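First the structure, in the form of structure tokens, and then the observations on it.
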Amino acid sequence: MVCGGFVCSKNALCALNILYVMVSLLMIGIAAWGKWFGLVSSFQVVGGVIGVGVFLFLVAVVGLIGAMKHHQVLLFFYMIILFMVFVVQFSVSCACLALNSEQQNHLLEVGWNTSDTTQRDVENSLDCCGFSSVNYNKTCSAPCFHNLSCKSCASKIQEHTGEVLRFVGGIGLFFSFSEILGVWLTYRYRNQKDPRANPSAFL
């Protein structure tokens with residue numbers, strides 16, 4: 001059977017969805033591990049990562065079942081959802097790669113002001129106090145606060161922000177192209193006839 005045939009398309013789609021299942025389980029496991037060991041105390045962050053992992057897992061399961069059974073309806077919905085995820089992920093990845101330092105600083109400040117638990121996590125992990133300036137009249141959970149030797153968290157975060165955004169943008173672009181590959185494989189696979197099935201049963 002040539003690679004353009006029914007069996008090859010089915011196997012490629014199954015392999016792609018198995019990869020998505022493993023990535024989703026990894027995301028859920030890392031978020032749960034971070035929460036369990038106290039690395040991240042913000043429920044919004046952990047819940048967001050777990051939510052994305054569960055969504056990816058469900059989409060992958062739908063794609064896997066549709067590929068195994070050559071189910072036209074499941075494959076159609078899988079293709080539509082995967083294309084929408086591709087559009088969102090591709091846009092976010094491009095935005096991550098295109099942000100300048102001023103825009104990065106603005107987004108960091110917005111995120112900083114959103115959650116007190118996130119602020120405490122950052123202060124503890126980076127040993128810093130406050131976002132743009134250190135105020136020793138306020139409380140801070142960082143170890144440096146007792147020695148009066150703290151730096152602002154913005155200066156420490158910005159040392160790595162560019163690298164992190166490039167990394168996240170690159171990973172996002174890689175997975176977005178794997179998603180458009182999945183859309184193409186699904187479209188192609190839906191329109192192929194199963195050589196073992198009754199030809200008159202094909203839609």
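Values below: all heavy atoms of this structure, side chains included; hydrogens, waters and symmetry mates excluded. Bear in mind that the values here come from a model prediction, so they are computed numbers and not experimental data.
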Point to revise | Criterion side-chain contact (heavy atoms from CB on, under 4.5 Å) on His70 and Leu75, from CA distance to verdict | key: CA-CA 8 Å; His70 198 225; Leu75 287 173; 4.2 Å; yes

Exercise for review: Before giving the answer on side-chain contact (heavy atoms from CB on, under 4.5 Å), spell out for Gln72 and Phe76 the whole-Å C-alpha distance, their side-chain angles and the decisive distance to 0.1 Å.
Suggested key: CA-CA 6 Å; Gln72 296 290 309; Phe76 174 77; over 6 Å; no

Exercise for review: Can you run down the side-chain hydrogen bond (donor to acceptor under 3.5 Å, both in side chains) pairs that involve residues 81-93, sequence neighbours left out, and say none if there aren't any?
Suggested key: none

Point to revise | side-chain hydrogen bond (donor to acceptor under 3.5 Å, both in side chains) pairs, two or more places apart, involving residues 17-28 | key: Asn17-Tyr78, Tyr20-Ser178

Point to revise | Considering all heavy atoms, the nearest Phe86-Glu179 contact | key: CA-OE1, 3.2 Å

Review point. Which heavy atom of Leu82 sits nearest a heavy atom of Val59, and at what distance?
Key: CD1-CG1, 4.4 Å

Point to revise | With sequence neighbours excluded, residues passing side chain to side chain contact (heavy atoms under 4.5 Å, CB included) with Phe77 | key: Val73

Review point. Residues in side chain to side chain contact (heavy atoms under 4.5 Å, CB included) with Leu185, at least two apart?
Key: Ala12, Leu13, Leu181

Give every donor-acceptor pair under 3.5 Å between a side-chain atom in residues 60-69 and any protein atom, sequence neighbours left out.
none

Exercise for review: Using disulfide bond (SG atoms under 2.5 Å apart) as the criterion, list what pairs up with Cys144, not counting sequence neighbours.
Suggested key: Cys150

Check your understanding: Transitively linked via ILVMFWY side-chain contacts under 4.5 Å: Phe83 with Val88?
Key -> no

Practice item. Could you state whether Ile180 and Val92 fall into the same hydrophobic cluster, counting links through intermediate Ile, Leu, Val, Met, Phe, Trp or Tyr residues with side-chain heavy atoms under 4.5 angstrom apart? Key: no

Please tabulate, for side-chain N and O atoms in residues 164-177, each donor-acceptor pair with protein atoms closer than 3.5 Å (sequence neighbours left out).
unit_1 : atom_1 : unit_2 : atom_2 : d
Ser176 : OG     : Gly172 : O      : 3.3
Ser176 : OG     : Leu173 : O      : 2.7

**Study point:** With Phe57 via ring pair (Phe, Tyr, Trp, His ring centres under 6.0 Å) - residues at least two apart
**Key:** none

Revision key, fill the gap. The reported gap from OH in Tyr189 to SG in Cys14 (rounded to nearest 0.5 angstrom) is 6.5 Å

Exercise for review: Could you tell me the separation between the CZ atom of Arg190 and the NE2 atom of His71, rounded to the nearest 0.5 Å?
Suggested key: 10.5 Å

